[in-house]
Undergrad: 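This is the structure, below, for whatever I ask next.
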Amino acid sequence: MIVFGHRIPMTGSLLLWALLWEIVGQLKLTILLPPLSRVVLRAFEIVPTETFLSAFAVTASAFVAGNLIAILVGVPLGILMGSSVVADRIFLPWVNLFLSAPLTALVPVIMVLFGLGQTTIILTVVLFAIWIIVLDTRAGVRSISPSLIEMAASFGAGRWQTFRKIYVWAALPEILAGIRLGVIRSVKGVIIGQLLVSIVGFGALFKLYGSRFLMEHFWAVLIVLFALAFALAEAFAWLERRVEFYAATRG
Amino acid sequence: MTALAHQFFTEPSPVTDCAVSVRNVGKVYAGVVTALENINVDFPRGQLTSLLGPSGCGKTTLLKIIAGLLPATSGEVLVNDLPVAGPGPERAFVFQDFALMPWANVLRNVAFGLEMRGIAKSEREEIARSHIAQVGLAGFEARYPHELSGGMRQRVGLARALAVNADVLLMDEPFSAVDEQIRRKFQEDLLTLIAREKRTFIFVTHSIEEAVYVSDRIVLLSARPGRIAQIIEPAIERGGDPDAIRRHPAYLDTVDAIWQSLKTYLE
Ligand SMILES: Nc1ncnc2c1ncn2[C@@H]1O[C@H](COP(=O)(O)OP(=O)(O)OP(=O)(O)O)[C@@H](O)[C@H]1O
Ligand SMILES: [Mg+2]
C-alpha cells in the first residue's frame with residue numbers, strides 16, 4: 001500500500017483499523033463494541049481458563065478427526081477419479097455439486113441423523129473439507145505423465161503398488177494444495193457445526209457469552225479463533241512451498 | 001536398390017533361436033485407426049534388432065505390444081516360447097522420455113524394478129549401485145533427476161532396465177531426447193554393452209544411421225498401417241574401432257539402400 005509516496009506495510013492498515021475500533025469502543029456508542037484494549041486484556045484472561053482450554057480441546061479434536069477422515073477418504077477417491085473414466089463419470093457431478101453447495105444448510109440434516117454431539121461436528125468438518133481435496137487430487141493425478149504409469153506397469157507393479165509408489169507422490173503438490181484449502185474450509189465447518197449444535201466447544205461458549213451480553217468475552221474468543229485459523233493456513237502454505245520443486249521438475 | 005548395395009547386406013537368414021516371436025499381430029486403435037497389420041517377425045536371441053520406419057508407422061505400438069503394455073487386436077507375441085499376456089520379468093523397457101520419478105533420487109529410481117519385485121532394500125541398493133557404476137554415473141546416486149542432464153537421465157533409465165536382469169531389453173527411441181554428440185557416445189556405449197551383456201535388444205529408432213550403426217538386424221516398417229517392408233542384416237564387422245564403422249563402405253551403402261527404400265513412403 002502506498003500513501004503519499006510512502007510505503008505502508010499491511011500491518012499498518014491493520015493498526016489503523018485497530019485504532020478506529022479502540023476509539024469507537026471508548027466512545028461507548030454501543031454495548032456490542034467494547035474497546036479493543038479491553039478485549040485483548042480479556043483474551044489474555046480467558047485463554048488460560050479451564051472453560052476455554054476444554055472448548056479448544058474438543059474443537060481441535062473434532063477438527064483433526066474430521067480432516068483426517070476427509071484426507072483418508074478424499075485422496076483415494078480423487079486418485080480413483082483421476083485414473084478411471086468410469087469412476088470419474090459416477091462421482092464428478094456430485095463432487096462439483098457439493099463443492100459449490102451451501103453446506104451450512106446440510107448441517108441440520110446431520111444433526112437429525114447423528115444427534116447433538118461430537119459426531120455431528122466431525123461430520124460437518126468432513127463435509128466442508130473433503131470436496132476440494134477430491135478435486136485437487138484428481139487434477140494432480142490427471143497431470144501425471146502417462147509414461148510414468150507405463151513404467152510402473154512394465155516393472156510389474158500392481159494397482160496398489162502403483163497407487164502407493166507413483167500416484168500419491170506424483171500428485172503430491174496438488175494433494176497438499178487440496179488439503180490446505182480443505183483445512184481452511186473446515187475451520188468454517190467446525191465453528192458452524194458447533195454454533196448450530198451449540199452445546200459443544202466454542203459454540204457453547206459463544207452461546208453463553210451472547211446470551212449474557214458478555215461482549216468483551218465474545219470478541220476475545222473470536223479474535224483468538226481468527227488468529228488460530230490464520231496461523232494454520234499460513235503453516236500449510238509454508239509446507240506446500242517446501243514441496244513446490246516437485247511441480248517444477250516433473251513432466 | 002543398387003546391385004552394389006547387395007554385396008554389403010544380406011537378406012535375413014532364418015532365425016533358429018529367437019527370444020521374441022511376433023505372429024500375425026495387428027493393432028486397431030479405438031476401432032478405427034489401424035496402426036499395425038499382420039506383423040510376422042522373429043527377434044534372434046543375443047542380438048540387437050532395430051525397428052525402423054517413418055513417423056506414425058507403429059514402431060512404438062509394436063514395442064508396447066511386445067512389452068505387454070498394450071494388448072494386440074489380433075495375433076500373439078511369444079517370449080521364450082510363452083505367449084505374452086502382460087508385462088513380465090524377462091522384459092524391461094527403456095522409455096523415450098526416461099520416465100524417471102522426479103521425487104526419487106538416482107539410487108531409488110534405478111532400484112525401482114527390484115523394489116517392485118520385493119527384493120530387500122539393502123540387496124536392491126547394492127545391485128542398483130553396481131549398475132549405476134556400469135553406466136558411468138558412480139557418485140550420482142543421491143542426485144535427483146532434475147539435477148541431471150538429458151544424457152545422464154537416460155543412463156539412469158538404462159541402468160534401471162539393466163538392474164532387473166531381463167533377457168529382453170525394449171528401447172523406444174532411447175537416444176532421441178539427447179543431443180547429437182552424446183548420442184554418438186551412447187551408440188558406442190550400446191555396442192560395448194551388447195558385446196558384454198549378451199542380451200536381446202529390440203530398439204526403435206527414427207534414424208537410419210543409428211539403426212545401421214548399432215543393429216545386427218533391421219526391420220523396416222512401411223507407413224501406416226505398419227507392415228513389414230523388409231528385413232536387413234548389415235554385414236558390418238563390429239569388433240574394431242567404433243569410428244571405423246562409420247567410414248566402412250558397407251555402413252555407408254546400407255544407409256543409402258535403406259534411404260532409397262524408405263523414400264518410396266514419403267509422398
Ligand atoms: N492411443 C492411441 N489412439 C489412437 N491412435 C493411436 C494411439 N496411439 C497411437 N496411435 C496411432 O497409431 C499410429 C502408430 O503410432 P505409434 O506411436 O506406434 O507410431 P511410431 O512409429 O512410434 O511413431 P513415431 O516415430 O512418431 O514415434 C499413429 O498413426 C498414431 O496416430
Ligand atoms: Mg514412437
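All figures in this text were calculated on a predicted structure; none of them were measured in a lab. Each chain gets a letter, A, B and so on, in the order the sequences are listed, and its residues count up from 1.
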Undergrad: Heavy-atom count around B:R23 CZ within 6.0 Å, excluding the residue itself: above 12?
TA: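 Atom CZ in B:R23 is not crowded, with 12 or fewer foreign heavy atoms closer than 6.0 Å.
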
Undergrad: Quick one: what part of A:E150 sits under 4.5 Å from any heavy atom of chain B, side chain, backbone, both or neither?
TA: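 It is both, since atoms from each part get that close.
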
Undergrad: For B:E147, I'd like to know if atom CD has over 12 heavy atoms of other residues, nucleotides or ligands within 6.0 Å.
TA: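 Yes, the 6.0 Å shell around CD holds more than 12 heavy atoms from other groups.
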
Undergrad: If every non-hydrogen atom of B:A99 is compared with every non-hydrogen atom of A:L148, which pair is closest and at what distance?
TA: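 Residues B:A99 and A:L148, closest heavy atoms: O-CD1, 3.5 Å.
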
Undergrad: How about A:L172 and B:W103: do any of their side-chain heavy atoms sit closer than 4.5 Å?
TA: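 Of all side-chain heavy-atom pairs linking B:W103 with A:L172, none is under 4.5 Å.
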
Undergrad: Of the listed residues (B:R91, B:R117, B:Q96, B:E115), which shares the most heavy-atom pairs with chain A below a 4.5 Å separation?
TA: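 Among the listed options, the one with the most contacts to chain A is B:E115.
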
Undergrad: Just wondering, more than 12 heavy atoms not from B:Y29 lying within 6.0 Å of its OH?
TA: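 Yes - once you tally the heavy atoms of other residues, nucleotides and ligands closer than 6.0 Å, there are more than 12.
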
Undergrad: Check each atom of B:L170 against the heavy atoms of chain A and say whether the ones under 4.5 Å are side chain, backbone, both or neither.
TA: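 Neither; nothing under 4.5 Å.
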
Undergrad: Measure across B:L69 and A:A153 and return the closest heavy-atom pair with its distance rounded to 0.1 Å.
TA: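 In this case the closest contact between B:L69 and A:A153 is CD2-CB, 3.8 Å.
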
Undergrad: Before you tell me yes or no, could you show the steps for A:I166 and B:F112 under side chain to side chain contact (heavy atoms under 4.5 Å, CB included), namely the whole-Å CA-CA distance, both residues' side-chain angles and the distance that decides it to 0.1 Å?
TA: CA-CA 11 Å; A:I166 305 288; B:F112 184 79; 4.0 Å; yes

Undergrad: Given a strict heavy-atom distance threshold of 4.5 Å, which part of A:I149 is in contact with chain B: side chain, backbone, both, or neither?
TA: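 It is neither, since no heavy atom gets under 4.5 Å.
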
Undergrad: For the CZ atom on B:R196, are there more than 12 heavy atoms of other groups (residues, nucleotides or ligands in this structure) within a distance under 6.0 Å?
TA: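 Count over threshold, so yes.
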
Undergrad: Taking all atoms of both residues into account, what is the closest heavy-atom pair of B:A92 and A:F155, and its distance?
TA: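 In this case the closest contact between B:A92 and A:F155 is CB-CE2, 4.4 Å.
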
Undergrad: Can you give me every donor-acceptor pair (side chain of residues 69-77 of chain A, partner residue at least two apart or in another chain, under 3.5 Å) with its distance?
TA:
none

Undergrad: Rounded at 0.5 Å granularity, tell me how far CZ in B:F93 sits from OG in A:S147.
TA: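 Reported to 0.5 Å precision, the distance equals 9.5 Å.
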
Undergrad: With respect to chain A, which residue among B:P89, B:P87, B:A67 yields the maximal number of heavy-atom pairs within a distance under 4.5 Å?
TA: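 Winner by heavy-atom pair count: B:P87.
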
Undergrad: Please determine whether the number of non-hydrogen atoms from other residues, nucleotides or ligands lying under 6.0 Å from atom CG of B:D81 exceeds 12.
TA: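 No, the 6.0 Å shell around CG holds no more than 12 heavy atoms from other groups.
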
Undergrad: Check step by step if side chain to side chain contact (heavy atoms under 4.5 Å, CB included) holds for B:F95 and A:S154.
TA: CA-CA 10 Å; B:F95 291 83; A:S154 80; 4.1 Å; yes

Undergrad: Which heavy atom of A:K165 sits nearest to which heavy atom of B:M116, and what is that distance?
TA: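 Where A:K165 meets B:M116 most closely, the heavy atoms are CG-CE, 3.8 Å.
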
Undergrad: Check this for me: A:F56, atom CZ, are more than 12 non-hydrogen atoms of other residues, nucleotides or ligands nearer than 6.0 Å?
TA: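 For A:F56, atom CZ is not crowded (no more than 12 foreign heavy atoms under 6.0 Å).
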
Undergrad: Quick one, A:M151 and B:R160 - any side-chain contact, counting heavy atoms below 4.5 Å?
TA: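 A side-chain contact under 4.5 Å exists here.
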
